[in-house]
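In what follows, every chain begins at residue 1, and chains take the letters A, B, ... in the order their sequences are listed.
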Number of protein chains: 2
Amino acid sequence: MPARIHSPERVIQGLAEVFREHGFEGASLAHITKATGLGKGSLYHAFPGGKDEMAAAVLADIDAWFELNVFTLLDDPETPAAKAIDHMLDACAEYFQCGGRVCLVGVFALSDTRDSFAEAVNGYFRRWAEALVEALRRSGLSRTQAQSAAEDVLAGIQGGLVIARAFDDNSYFERELKRLRDRLKMT
Amino acid sequence: MPARIHSPERVIQGLAEVFREHGFEGASLAHITKATGLGKGSLYHAFPGGKDEMAAAVLADIDAWFELNVFTLLDDPETPAAKAIDHMLDACAEYFQCGGRVCLVGVFALSDTRDSFAEAVNGYFRRWAEALVEALRRSGLSRTQAQSAAEDVLAGIQGGLVIARAFDDNSYFERELKRLRDRLKMT
DNA sequence: GTCTATAGATCGATAGAC
DNA sequence: GTCTATCGATCTATAGAC
């Protein structure tokens with residue numbers, strides 16, 4: 001048998017898709033083997049900790065993506081706040097496929113799965129909020145104003161994903177992003 | 001054995017709690033029997049359709065609650081818009097226990113459960129949006145403005161619940177409700 | 001209407017060949 | 001590193017006594 005047919009990135013991506021679609025408890029190994037193309041043996045070779053370790057790997061991968069594509073720019077004191085925030089919203093539109101893809105961290109947050117991954121779930125949103133506050137302060141807002149606006153943006157994004165999915169209408173998420181963009185420009 | 005120890009309302013409430021906490025797939029009959037106090041036999045006597053019928057009953061119960069406590073007042077042409085909207089946000093704070101309780105419809109919307117309950121999930125938010133648009137138009141907004149504001153409020157509520165639960169911090173949801181209240185007053 | 005017992009399928013996880 | 005075979009547990013759902 002050839003070694004390493006499946007690149008780690010593809011496996012993580014397949015895992016993410018299954019967890020997003022079915023949630024943690026609904027993500028059966030049958031679904032996972034189908035999505036990754038790996039048998040159970042291979043999966044448990046790569047993730048000895050089982051489903052918990054698979055989910056943790058996916059969460060770490062998400063963290064890394066947002067760190068690279070969103071948070072770093074928000075933090076960067078040399079990047080104009082407006083540009084960093086615009087880029088953040090563009091990145092969200094891309095990552096969440098304009099509402100066609102839900103946020104795994106949000107999915108985990110809503111169910112009892114949150115208790116098992118509390119640190120990752122909490123950390124993801126905390127890191128995002130802190131970086132966004134940093135950018136908003138650069139744009140001239142007070143700490144209180146910036147925190148309130150950041151909370152509002154995070155809720156808008158997560159809520160936009162929920163409602164877009166409920167209506168099966170991606171344009172809902174796009175309109176929500178537009179509203180957030182406009183609101184951030186006004187402040 | 002005494003008949004009808006468990007009132008239908010208590011059973012539905014127990015079911016709702018389990019589905020909210022664990023999602024549809026994670027809501028095992030073991031959890032359900034524990035939460036309702038009913039054995040499997042009793043449950044399948046009351047809900048011959050199994051878990052699907054249990055979930056549908058819970059969704060219908062939620063619909064009825066919001067119809068009675070939120071939508072009707074928003075629709076009522078004799079109720080001042082500001083009063084109806086204030087009442088809606090109060091009802092949300094109460095129903096979602098200031099963020100301590102998540103929205104089952106939102107939970108279902110995010111996972112593949114949505115496909116099985118698409119009509120109920122879609123209808124819940126559609127009814128809410130329509131009623132809210134009605135109230136906002138009474139307050140003087142154009143149809144376009146009212147629709148945009150209504151979408152924004154729905155997303156804010158759902159997103160507020162996601163983030164509050166992610167942070168395990170109910171004050172987050174309360175602040176989001178306050179922001180929505182202020183924003184609606186400004187328009 | 002409620003229960004216990006249990007069927008039959010699927011679950012997560014492991015063992016061991018290659 | 002990947003597979004098949006398989007384990008014991010748990011799952012949804014049913015049957016039948018009371």
Side-chain angles (χ1 to χ4, degrees), chain A residues 1-59 61 104 107-108 111-117, chain B residues 1-59 61 104 107-108 111-117:
Chain A
M1 300 285 177
R4 192 166 289 279
I5 301 178
H6 312 85
S7 75
E9 301 84 34
R10 303 281 297 182
V11 172
I12 294 282
Q13 216 163 338
L15 287 171
E17 194 182 328
V18 175
F19 283 125
R20 261 194 296 265
E21 188 72 10
H22 300 93
F24 183 77
E25 307 219 45
S28 68
L29 287 180
H31 284 134
I32 293 174
T33 55
K34 190 173 176 183
T36 59
L38 283 173
K40 295 183 189 180
S42 306
L43 286 166
Y44 275 84
H45 177 79
F47 306 99
K51 275 175 69 178
D52 279 50
E53 190 172 339
M54 298 179 206
V58 171
L59 289 172
D61 185 67
L104 177 60
V107 171
F108 277 15
S111 79
D112 65 336
T113 308
R114 183 205 55 163
D115 301 334
S116 309
F117 301 96
Chain B
M1 301 287 180
R4 192 167 288 281
I5 300 177
H6 311 85
S7 75
E9 300 84 35
R10 303 281 296 182
V11 172
I12 294 282
Q13 216 163 338
L15 288 171
E17 193 182 328
V18 174
F19 283 125
R20 261 194 296 265
E21 188 73 8
H22 300 93
F24 183 78
E25 306 218 46
S28 69
L29 286 180
H31 284 134
I32 293 173
T33 54
K34 190 173 176 184
T36 60
L38 283 173
K40 295 182 190 180
S42 307
L43 286 166
Y44 274 85
H45 177 79
F47 305 98
K51 274 175 68 178
D52 279 51
E53 191 172 338
M54 299 179 206
V58 171
L59 289 172
D61 185 68
L104 178 60
V107 171
F108 277 15
S111 80
D112 65 334
T113 308
R114 183 204 56 164
D115 301 335
S116 308
F117 301 96

Close side-chain approach of B:Leu59 and B:Phe19, heavy atoms under 4.5 Å: no
Whole-Å distance separating the CG atom of B:Leu43 from the P atom of C:dC3: 9 Å
Separation of D:dC11 P from B:Met54 CE (nearest whole Å): 14 Å
Sugar-phosphate, base or nothing in reach of B:Gly39, heavy atoms under 4.0 Å: sugar-phosphate
Distance test, side-chain N/O of B:Ser28 to OP1/OP2 of D:dC11, below 4.0 Å: yes
Among C:dA5, C:dG12, D:dC3, the nucleotide that comes nearest once only the side chain of A:Lys40 is considered: C:dG12
Length of the CG-C1' vector between A:Leu29 and C:dT14, whole Å: 12 Å
Touch class at under 4.0 angstrom, heavy-atom based, for B:Gly50 against every strand present: sugar-phosphate
From CG (A:Asp112) to NE2 (B:His22), nearest 0.5 Å: 4.0 Å
B:Leu43 side, atom CG; B:Met54 side, atom CE - distance, nearest 0.5 Å: 4.5 Å
Short side-chain N/O contact from B:Ser42 to OP1 or OP2 of C:dG1, under 4.0 Å: no
Any B:Lys51 side-chain nitrogen or oxygen under 4.0 Å from OP1 or OP2 of D:dT12: yes
Any A:His45 side-chain nitrogen or oxygen under 4.0 Å from OP1 or OP2 of D:dT2: no
Spacing of B:Phe47 atom CZ relative to C:dT2 atom C1', expressed in whole Å: 15 Å
B:Glu25 CD: over 12 foreign heavy atoms closer than 6.0 Å: yes
Selected nucleotide, minimal atom distance to A:Leu38 side chain, candidates D:dC11, C:dT2, D:dT2: D:dT2
Check: B:Phe24 and B:Val107 side chains under 4.5 Å, non-hydrogen atoms: no
Short side-chain N/O contact from A:Tyr44 to OP1 or OP2 of C:dA13, under 4.0 Å: yes
Distance, rounded to the nearest Å, where A:Glu53 contributes CD and C:dA13 contributes C1': 13 Å
Whole angstrom value for the distance that separates P of C:dC11 from NE2 of B:His22: 19 Å
Under-4.0 Å side-chain N/O to phosphate OP1/OP2 contact, A:His31 with C:dC11: no
Spacing between B:Ile32 atom CD1 and D:dT12 atom P, to the nearest angstrom: 7 Å
Spacing of B:Glu25 atom CD relative to D:dT12 atom P, expressed in whole Å: 10 Å
